[in-house]
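As structure tokens, the structure follows; a few thoughts come after it.
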Amino acid sequence: MAEFSERVLRIAKLIPKGKVTTYSEIARALGRPLACRAVGQALRRNARPVEIPCHRVVRSDGGIGGYSGSRPGKIRQKAMLLSSEGVEVRDGMVNLGRHMHKPDAGQSFL
DNA sequence: GCACTGACCGGTC
DNA sequence: AGACCGGCCAGTG
């Protein structure tokens, strides 16, 4: 099936540059506000850095979260990428109130 | 089909 | 403010 995962990846692709979203927001867009963990699972398993900018997906508390298997080097690069796109990252913390992007439910079944 | 895992979240201590 | 605990969702053994 992996239908859920595909939706997650699709939404991740639609995240505009310079904006970030949270696992919860994606889950909510999919109609599963509590599936934040499943979202992380989908991203981790699919992890296609080029086709899917999963680095724009952060935690609801502003934390960078994980990246490509929670590899420290990758996580650091994730922060650098966000910073390069205009998202201010401070010690692994993102300004959600400034760059939080809320995906539309319509995009989930695009 | 059950049990464990995982890039999480929210509340509580 | 930092650490801990339980819960929820999908994927995998």
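A note on names: the letters A, B, ... follow the listed sequences, proteins ahead of strands, and every chain is numbered from 1. This one's a predicted model, so the numbers in the text were calculated from it and none came from an experiment.
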Write down the protein N/O and nucleotide N/O pairs, taken from nucleotides 7-9 of chain C, whose separation is under 3.5 Å; answer none if there are no such pairs.
from  : atom 1 : to      : atom 2 : distance (Å)
C:dG7 : O6     : A:Arg37 : NH1    : 2.9
C:dG7 : N1     : A:Arg37 : NH1    : 2.8
C:dC8 : N3     : A:Arg37 : NH1    : 2.4
C:dC8 : N4     : A:Arg37 : NH1    : 2.5

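The minimum heavy-atom distance linking A:Val89 with A:Ala79 is given by the pair CG2-O, 3.6 Å. A:Thr22 and A:Ser60 get closest at one heavy-atom pair: CG2-CA, 3.6 Å. Here the closest heavy-atom approach between residue A:Ala35 and residue A:Phe4 is recorded as CB-CZ, 3.8 Å.
Note: CG (A:Asn46) to P (C:dT12) measures 9 Å, nearest angstrom. Atom P of nucleotide B:dA7 and atom CD of A:Gln77 are separated by 18 Å, given to the nearest angstrom. If you measure from atom CG of A:Leu30 to atom C1' of B:dC8, you get 15 Å, rounded to the nearest angstrom. One atom, CG of A:Asp61, and another, C1' of C:dA1, lie 13 Å apart when rounded to the nearest Å. A:Leu96 has its CG atom 10 Å from the P atom of B:dC9, to the nearest Å. B:dG10 atom C1' lies 11 Å from atom CZ of A:Arg59, rounded to whole Å.
Using a distance-only test at 3.5 Å, with no hydrogens or angles considered, a donor-acceptor pair links the side chain of A:His99 to the main chain of A:Gly18. Panel note: side chain A:Lys74, backbone A:Gly66; no donor-acceptor pair is recorded below 3.5 Å. Of the possible donor and acceptor atoms, one in the side chain of A:Asp61 sits under 3.5 Å from a partner among the backbone N and O of A:Gly63. A donor-acceptor contact shorter than 3.5 Å is absent between the side chain of A:Ser24 and the backbone of A:Cys36.
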Pair assignment for DNA chain B - dot-bracket with | for other-strand partners, Watson-Crick or G-U under 3.5 Å: .|||||.||||||

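Considering only side-chain N and O atoms, A:Arg45 lies under 4.0 angstrom from the phosphate OP1 or OP2 of C:dT12. The phosphate of C:dA10 (OP1 or OP2) has no side-chain N or O of A:Ser5 nearer than 4.0 angstrom.
A:Arg56 is not listed as a side-chain neighbour of A:Thr21, based on a closest heavy-atom distance of 4.5 Å or more. A heavy-atom distance below 4.5 Å is found between the side chains of A:Ile64 and A:Leu82. A:Asn46 has its side chain out of reach of A:Val8: every pair of non-hydrogen atoms, C-beta onward, lies at least 4.5 Å apart.
In the region residues 19-27 of chain A, proximity to DNA chain C at under 4.0 angstrom, judged on heavy atoms, holds for none of the residues.
By the 6.0 Å contact criterion, CZ on A:Arg32 is open, its count of non-hydrogen atoms from other residues, nucleotides or ligands being 12 or less.
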